[in-house]
Amino acid sequence: MNIQLFNSMGRKKEPLQLRVAGQVGIYVCGVTVYDYCHIGHARVMVVFDTIVRYLRACGLKVTYVRNFTDIDDKIIQRANALHIPFQQLTETFIEAFQVDMQALGVARADREPKATDHLAEMQQMIDNLIRKGLAYPGGGDIFYAVDRFQSYGQLSGKNLAELQSGSRVDVDTHKQNPLDFVLWKKAKPDEPHWPSPWGEGRPGWHIECSAMSCKYLGESFDIHGGGMDLLFPHHENEIAQTEGSSGQPWVRYWLHNGFVNVLTDSGEREKMSKSLGNFFTIRDLLAHYPGEVLRLFILNSHYRSPLDFSSELLDAARHGMDRLYSALAGAKKRLQELPVAAAAPLDDTDWGHWAEEMERFLVAMDDDFNTPQAIAVLFEMAKQINRLVATETASVQEISQGVQLLRQLAALLGLLTTDPDHYFHQLTSTGLGDADIDALIQQRLAARLARNFQEADRIRQQLLEAGIVLQDAKEGTTWRRS
RNA sequence: GGCCGGGUGGCGAAGUGGCCUAACGCGGAGGUCUGCAAAACCUUUAUUCCGUGGGUUCAAAUCCCACCCCGGCCUCCA
């Protein structure tokens, strides 16, 4: 293992050196559950899912923690607007999140803590901060005093003076410094609230990640991730809270993924976000594209780069995905069945002629998780497999080994996880069932045998209009959705 | 205003000092196969132009300077 990763703290690539050899703790800021997730959320989840898969493939014991923010202003607003208890709202969208993630092939995290289950831990940390003189009460709220935390601004590369001069925040009169942030909010009427030593209220946003990550990963751990927009102020504040409270260095590596942009009607590109209302939900997209296509779309750009979203680009990703599965389909036909991916660790297997491909894939992933380069290796393998499949004299073992490695590497990216037949047959919202399609194929076969090509072409055209593409081969005709 | 990123072919996207006359994918063109197709395969698609202009170097898409443009953060946001 020779992983280099870009640390937002310091803004440069560094070798991954773990606190405890062979073990990694990783915390990723999850979603606020008041609405369906959009493609921007999909990006974070897919990116960190891939990183976790890769770390595990490298033989590391990973503990992955991903939270749900299930109490905040927007949740309260939305729940009030719908006249339902906020828990009902958050449970609905936690459930929706899980469904979406499964479709995207995002594995469950080892821990998926909710903020409202950790009030005690948060209060403990706030109490610590007060006792250490880093937090103070004001108007019933508890604030963090940023200028009492020495290295405030280190992560985002800002200093307090710069921040203040550009501040757009309405200054709360109870704050000692405009940049101070709230740890505990005094309850307002009609808001959910919990008892605390400082009166009824609810936690501020930043404190949950500090409290929960420490609970499940300890007061020091290896990797903390999230979207680029969380870098400031969220992660900056998390550091101030956690290190302020524990007095220890907290996170070793900060990873931030870039944004998904959308093109506006006027052709401008802007960040996709809930507040701008310009988002595409994962759910809507899954109605038109298999989850793996969304994954390929996301991973075909480096995780730190901005990612432009459009349906044309998704179509291109689907064609690319089709190509990979076509190679599998061809090999399956030739081998009669697809080899099962071996359970053995990647490095221990003798991949014969394919050793170079594996090496290139691993080198790409080692370099700050360069998935675009890793994907390029997959496409090159697909091409070689296609070539071998078309060569009468090719070694069956070589094909088999290639397919096995291709699937094993692709699986690290969450790709090629299903059977090609299933892949090509899914999402045919044509009204035609498999049996109908097969019947039409039989009719067409009869017409072809009778050399009635006009009728055969008519049936093919009929199917095409229903979204089905036929592929004639010596062994028979197969179909896939167009 | 401050602070970060980024500008690579028709599109997306790697590459960040010599293997770059620039990976990979999508799209396009021609061909093989096919009754015709589709898929696949072969050939081709940036030939001193890697935003613009300077500079450093034996050598730059890659380093430095200036400029232009785009995006983000500085308020909730993945």
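By convention in this document, chain letters (A, B, ...) are assigned in the order of the sequence lines, proteins followed by strands, and residues within each chain are numbered from 1.
Nucleotide B:rC76 is matched to nothing when pairs are restricted to Watson-Crick or G-U wobble geometry with both distances under 3.5 angstrom. B:rG9 is unpaired under the criterion used here, namely a Watson-Crick or G-U wobble arrangement in which both key atom distances are under 3.5 Å. Partner assigned to B:rC50 is none, using Watson-Crick or G-U wobble distances below 3.5 angstrom.
The side chain of A:Asn386 places an N or O atom within less than 4.0 Å of a non-bridging phosphate oxygen (OP1 or OP2) of B:rC41. A sub-4.0 Å separation between OP1 or OP2 of B:rG27 and a side-chain N or O of A:His319 is present. The phosphate of B:rC33 has neither OP1 nor OP2 within less than 4.0 Å of any side-chain N or O from A:Lys474. Checking the phosphate oxygens (OP1, OP2) of B:rG15, a side-chain nitrogen or oxygen of A:Asn370 falls inside 4.0 Å. Phosphate proximity of B:rC42 to A:Lys383: present, with a side-chain N or O under 4.0 Å from OP1 or OP2. Remark: A:Arg444 is not in phosphate contact with B:rA38, judged by side-chain N or O atoms under 4.0 Å from OP1 or OP2. For A:Ser305 and B:rG6, the shortest distance from a side-chain N or O to OP1 or OP2 is not below 4.0 Å. Contact check, A:Arg387 against B:rC42: a side-chain N or O comes under 4.0 Å of OP1 or OP2.
Ring planes of A:Phe181 and A:Tyr152: parallel class, angle under 30° (limits at 30 and 60°). Relative orientation of the A:His118 and A:Tyr216 rings is perpendicular, given thresholds of 30° and 60° on the angle between their planes.
Between the base of B:rG35 and the side chain of A:Asp457 there is a donor-acceptor pair shorter than 3.5 Å. A donor-acceptor contact under 3.5 angstrom links the side-chain atoms of A:Arg460 to the base of B:rC36. Contact annotation: side chain of A:Asp229 to base of B:rC74, donor-acceptor pair absent below 3.5 Å. Interface remark: the A:Arg304 side chain does not form any donor-acceptor pair with the B:rG5 base, using a distance-only criterion of under 3.5 Å.
Residue contacts shown for A:His234 are absent, as no nucleic acid heavy atom lies under 4.0 Å away. Within the nucleic acid shown, A:Gly330 has no heavy atom closer than 4.0 Å to any nucleic acid atom. Backbone-only engagement by A:Ala316 is indicated by non-hydrogen atom pairs under 4.0 Å involving sugar-phosphate atoms exclusively. At a threshold of 4.0 angstrom between heavy atoms, the contacts of A:Phe259 include nucleobase atoms, whether or not backbone atoms are also involved. Base contact: A:Gly258 has a heavy atom under 4.0 Å from a base atom. Looking at heavy-atom distances under 4.0 Å, A:Leu470 makes contact with a base. Using a 4.0 Å heavy-atom criterion, one finds that A:Val260 contacts the bases of the nucleic acid, with or without backbone contacts as well.
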When you look at A:Glu292 and A:Tyr423, which way does the side-chain hydrogen bond (donor to acceptor under 3.5 Å, both in side chains) test go after all the steps?
-> CA-CA 9 Å; A:Glu292 290 193 353; A:Tyr423 173 80; over 6 Å; no
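Closest approach to the A:Ser326 side chain among B:rC41, B:rC24, B:rA39 is made by B:rA39 (side chain taken as heavy atoms from C-beta onward). Distance from the side chain of A:Met272 is smallest to B:rA78 among B:rC73, B:rG35, B:rA78. Of the candidates B:rA14, B:rG72, B:rG2, the closest approach to any side-chain atom of A:Glu270 belongs to B:rG72.
Residues A:Leu296 and A:Tyr34 each lie close to RNA chain B; by heavy-atom proximity, the contact nearer the 5' end of the strand is made by A:Leu296.
Using a 4.5 Å heavy-atom threshold, the side chains of A:Gln176 and A:Asp147 count as separate. A:Thr281 has its side chain within reach of A:Phe279: a pair of non-hydrogen atoms, C-beta onward, lies under 4.5 Å apart.
Across all non-hydrogen atoms, the minimal contact from A:Gln154 to A:Glu236 is N-OE2, 3.3 Å.
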